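So the structure is just underneath, and the comments pick up after that.
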Protein chains: 2
Amino acid sequence: MSHGHEVELADVHADTARAVAETMQALAAPSRVRILSHLGAGACSVTELAAAVGMGQPAVSQQLRVLRHLGLVTGTREGRRVVYQLHDPHVRALLEEAISHTEHIRLGLNGHVAEASVVVA
Amino acid sequence: MSHGHEVELADVHADTARAVAETMQALAAPSRVRILSHLGAGACSVTELAAAVGMGQPAVSQQLRVLRHLGLVTGTREGRRVVYQLHDPHVRALLEEAISHTEHIRLGLNGHVAEASVVVA
DNA sequence: GTAACGCATGCACACATGCTTATGCAACCA
DNA sequence: TGGTTGCATAAGCATGTGTGCATGCGTTAC
C-alpha cells in the first residue's frame with residue numbers, strides 16, 4: 001500500500017497534516033462557523049455580520065481576517081463598507097459537509113458512548 | 001427561506017455551530033489528523049500509532065481520548081493491547097474530504113492572496 | 001475643511017491546547 | 001508471585017486562541 005492512486009490516508013505526513021489542520025481550524029470555532037454559515041446565505045458587511053451572530057465588531061473582524069488568510073472568504077470594499085462573501089462554492093460545500101458529518105456522528109454519541117470504548121467510563 | 005428542506009446554512013445557530021466546531025476540532029490538530037489517517041489504513045495499537053506518527057505514547061493516548069469522546073474512533077482491548085480503529089466509514093470519508101478540500105483551497109492561496117482581499121496586505 | 005460612519009488593528013487578559021515527565025493500573029509471562 | 005509489557009492518567013509547562021476595550025485609518029456626508 002504505497003503506490004498511491006488517489007488520496008493515500010497512510011501517506012498523510014507532517015506537511016499535509018499541518019495544512020489540513022490549519023484549514024479545518026477555520027471550522028473549529030463556533031463563531032467562525034456561524035460567520036461562514038451566515039455568509040453562505042449571502043454576502044454582507046462586517047457590522048451586519050456582527051449583529052447576525054451576536055458578536056462584537058472587532059471580534060468579527062479578527063475572525064474574518066483568519067478566514068481571509070485561509071482563503072475561505074474574500075472582502076470587497078463598497079463605499080465605506082467591506083462586503084464579505086465565501087471565496088468559492090467549494091467553501092460552502094465544505095461547510096455543509098461538516099454540518100452533515102457532525103450530525104451523523106452526533107447520533108452515535110447519544111445513547112451508547114461507553115459501549116463504543118471499552119477502556120473509559 | 002426558513003422551511004428547511006436540507007441543511008439551512010443561515011439557520012446554523014449557537015448549538016449547531018458549537019457541535020460542528022467541536023467535531024471539526026478533531027481535525028484541527030496535525031497530530032490527530034495523522035492518527036486518523038493512519039487508522040484509515042487499518043486498525044492498530046497505541047504503541048504502533050505512536051511510532052508511526054512520531055509522538056510520545058502519552059500524547060497519542062490523550063489524542064485518542066479526544067477522538068473517542070468525539071465518536072470518531074473506538075478502542076478494543078485485545079490481550080494487553082488496545083486496538084483502535086475508525087468508528088465507521090463515515091469518519092474516513094470526512095477525513096478524505098477534509099484533505100481534498102484543503103488541497104483545493106490551498107491552490108488558491110499560492111499566487112494571489114492579496115488579490116482576493118482588498119483590505120489587507 | 002470638519003464631523004460621522006465603517007472597519008481594521010494593538011493591547012491585555014482569561015482560557016483552552018498539546019506535549020513531556022512521572023506515575024498508576026491492567027493484562028500476560030516465568 | 002514477581003516482573004514485564006501496554007495503556008491510561010496526573011501534573012506541569014509552554015503556547016495558542018478568542019474576546020473586549022480603546023484607538024487608528026479610510027471613506028462619505030455636510
Side-chain angles (χ1 to χ4, degrees), chain A residues 14 17-18 20-36 39 43-70 73-85 114 116-121, chain B residues 14 17-18 20-36 38-39 43-70 73-85 113-114 116-121:
Chain A
R18 286 223 319 159
V20 171
E22 210 173 304
T23 299
M24 289 330 249
Q25 200 162 19
L27 303 179
S31 61
R32 286 192 290 264
V33 172
R34 298 182 68 188
I35 288 175
L36 286 175
L39 289 181
C44 71
S45 69
V46 177
T47 304
E48 289 172 341
L49 223 39
V53 303
M55 307 172 49
Q57 174 266 313
V60 174
S61 277
Q62 179 122 359
Q63 303 303 344
L64 284 173
R65 179 152 123 115
V66 174
L67 295 175
R68 260 188 350 240
H69 288 131
L70 288 175
V73 305
T74 59
T76 310
R77 193 130 213 158
E78 282 190 12
R80 47 186 170 187
R81 307 188 323 161
V82 175
V83 175
Y84 279 88
Q85 59 181 346
S117 60
V118 186
V119 186
V120 204
Chain B
R18 285 221 322 158
V20 171
E22 209 172 305
T23 300
M24 286 332 233
Q25 201 163 20
L27 303 179
S31 61
R32 285 191 292 263
V33 172
R34 298 183 69 187
I35 288 175
L36 287 175
H38 194 79
L39 289 181
C44 70
S45 69
V46 177
T47 303
E48 290 172 339
L49 222 39
V53 303
M55 307 172 47
Q57 174 265 315
V60 174
S61 276
Q62 184 151 339
Q63 303 305 343
L64 285 173
R65 181 151 119 118
V66 174
L67 295 175
R68 256 185 357 235
H69 287 129
L70 288 174
V73 305
T74 59
T76 312
R77 196 124 213 165
E78 284 191 10
R80 47 186 170 187
R81 307 189 322 160
V82 175
V83 175
Y84 279 88
Q85 57 181 349
V113 189
S117 60
V118 187
V119 185
V120 205

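Protein chains get the first letters and strands the later ones, always in sequence-line order, with residue 1 at the start of each. Bear in mind that the values here come from a model prediction, so they are computed numbers and not experimental data.
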Task: Minimum side-chain heavy-atom gap Q85(A)-T74(A) below 4.5 Å - done: yes
- [ ] State whether the side chain of R34(B) and the backbone N or O of G54(B) hold a donor-acceptor pair below 3.5 Å, judged by distance alone.
- [x] no
Open item on the list: Using every non-hydrogen atom in the two residues, find where L67(A) and L36(A) come nearest and quote the distance to one decimal.
Closed with: CD1-CD2, 3.8 Å
Open item on the list: On the nucleotide dT21(C), are OP1 or OP2 found under 4.0 Å from the side-chain N or O atoms that Q57(B) carries?
Closed with: no
TODO: Return the value, rounded to whole Å, for the distance between atom CG of L49(A) and atom C1' of dC7(C).
DONE: 12 Å
Task: N or O in side chain of R65(A) less than 4.0 angstrom from dT9(C) OP1/OP2 - done: yes
- [ ] Look at R32(B) and dG18(C) and indicate whether a side-chain polar atom (N or O) is within less than 4.0 Å of OP1 or OP2.
- [x] yes
Task: Side-chain donor or acceptor of R18(A) paired with backbone N/O of P30(B) under 3.5 Å - done: no
Open item on the list: Can you confirm whether H38(B) sits close enough to E48(B) that some side-chain heavy atom of one is under 4.5 Å from a side-chain heavy atom of the other?
Closed with: no
Open item on the list: Side chain of A59(A), heavy atoms from C-beta onward: which of dA8(C), dG20(D), dG18(C) has the nearest atom to it?
Closed with: dG20(D)
- [ ] Starting from C1' on dG26(D), measure out to CD on E78(A) and report it in whole angstrom.
- [x] 16 Å
Open item on the list: Rounded to whole Å, how long is the line connecting atom CZ of R81(B) with atom C1' of dA27(C)?
Closed with: 13 Å
- [ ] May I ask you to verify if any side-chain N or O of Y84(A) is less than 4.0 angstrom from the OP1 or OP2 atom of dA8(C)?
- [x] yes
Task: Distance below 4.0 Å between Q62(A) side-chain N/O and dC7(C) OP1 or OP2 - done: no
Open item on the list: Heavy atoms from C-beta onward define the side chain here; which of dT19(D), dC7(C), dC19(C) lies closest to that of V46(A)?
Closed with: dC7(C)
Open item on the list: Using OP1 and OP2 only, check whether a side-chain N or O of R80(B) sits under 4.0 Å from dC25(C).
Closed with: no
Task: Distance below 4.0 Å between Q63(A) side-chain N/O and dT17(D) OP1 or OP2 - done: no
TODO: Verify the contact: side-chain N or O of S45(B) to OP1 or OP2 of dG6(D), cut-off strictly under 4.0 Å; return yes or no.
DONE: no
Open item on the list: So, does T47(A) get its side chain near the phosphate of dC5(C), meaning an N or O under 4.0 Å from OP1 or OP2?
Closed with: no
Open item on the list: Can you work out whether A28(A) or P58(A) has the more 5'-proximal nearest nucleotide on DNA chain D?
Closed with: A28(A)
